[in-house]
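Since this is a predicted model, take the numbers as computed values, not measurements.
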Amino acid sequence: MREEDAKDLLKRMLNAAIAAADPAAVLARHLPEKPTGRCIVVGAGKSAAAMARAVERAWPDVDLSGVVVTRYGHAIETDRIVVREASHPVPDEAGHRAAAEILALAQSAGPDDLVLALISGGGSALMTLPVPPLTLNGKMQVNRLLLASGLTIEDMNKVRRRLSLVKGGGLARAAAPAGLVTLAISDVPGDDPAAIASGPTVPDPTASEDLSHLVAKLGPNLPDAARELLLRPAQPQADFAPDYRMIATPQMSLEAAAEIARKAGVTPLLLGDALEGEASQLGIAMAGIARAAAAHGTPVRPPAVVLSGGETTVTIGDRKPGRGGRNTEFLLSLAVALDGHPGIHALAADTDGIDGTEDAAGAIIAPDTLFQAENAGLKPRDFLDDHDSYSLFDGIDALIRTGPTLTNVNDFRAILIA
């Protein structure tokens, strides 16, 4: 397979994965019956604005109002639902105000009203309303510690739910006695509703769990108010049965990409939508799988593509990091481990269009990636050690820039063995 063809196929698979999670295409069929009273729309996440517009187009004759909050640069025009923008991944005052506005709207709903919650990845940082005495500045410090901690997304969400008035079912409790329906786009391993945006409309399954080990992991810079809340004995919570509807998931997107591969005569191998762990270590493991396929035809015979999703982590520690996200770090580790192996190309990207905090969704590698880097005076292993993968791929014009996709089903990884 020519290099141009390999790269084109990888990009077409990414595009198919993103399209499978487009709210404009998938949301309407998951809507409940139209309400007899008002429909109050609330929500948070990187796809919140696109989901709001999809609701407006599906229900032109329904009395709609509401507020959703999305990441800066992810807003789009809507007619009846107000779209706010805020910071991600570290919260800011705009997200704090939006969360208070959303909570007040939910509390205003009456028994004949429908509260429609639109939840997608990123909502945890975007809809921030900390439990007193924790302040917004304290919550921002907690988020910075979480992002540098190397904790799994599951453990991060345990902390976030415990510190929030809206997460862990807080939004649902505010909406009672109105009817509540949640439409969600999953960005988490296993599609756990309690983990998507830290579960604002579902009960907190870890409400009574001892979190002292996570407090220790976050270290001495954890604000005192957060430490007190995380170590405080759990308060009893009223249980409830949420109406929670998943409209798009990572697995659906992987299957859409797999269909593109089949049509191109390439066998897809889906490793799952819930791969976690250190991005650089996953790169090494995936290199081993790709080498085995190329040499022995196991676990899949070429031409083939190994597809996976999930959310890896990058543990920074105390050193000052370079630029990059978990997808470019994965790819740089993969390229180093493959060491120019012929016939293997790969792409990794965040389906929201933003890998970490940079302006790229991810990157693409080819057998000559290391040669290109070294020819440009860049030492790949040094950039990997410095967590500066973005800079290396930018230096060899290998970044993928999609702009905000207005959806988010987490990471997409494809390794093509020709």
Could you tell me if [Y] and [X] have a donor-acceptor pair between their side chains, going purely by distance under 3.5 Å?
{"X": "D394", "Y": "S391", "answer": "no"}
{"X": "E278", "Y": "T312", "answer": "no"}
{"X": "E85", "Y": "H74", "answer": "no"}
{"X": "D92", "Y": "S87", "answer": "no"}
{"X": "D210", "Y": "S212", "answer": "yes"}
{"X": "S124", "Y": "S198", "answer": "yes"}
{"X": "T249", "Y": "S186", "answer": "no"}
{"X": "Y390", "Y": "N327", "answer": "no"}

Just by distance, do the side chain of [X] and the backbone of [Y] share a donor-acceptor pair under 3.5 Å?
{"X": "T328", "Y": "G325", "answer": "yes"}
{"X": "N157", "Y": "A195", "answer": "yes"}
{"X": "R84", "Y": "A75", "answer": "no"}
{"X": "D350", "Y": "G353", "answer": "no"}

- Message: Would R173 pass as a cation-pi partner of F240, given that its NZ or CZ must be under 6.0 Å from the six-membered ring centre and within 45 degrees of the axis?
- Response: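 Judged by the rule, R173 and F240 form no cation-pi pair.
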
- Any side-chain heavy atom of D411 within less than 4.5 Å of one from R413?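 Yes, at least one pair of side-chain atoms sits under 4.5 Å.
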
- Task: Evaluate the side-chain proximity of T369 to F393: yes if any heavy-atom separation is below 4.5 Å, no if none is.
- Result: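 Side-chain contact under 4.5 Å: yes.
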
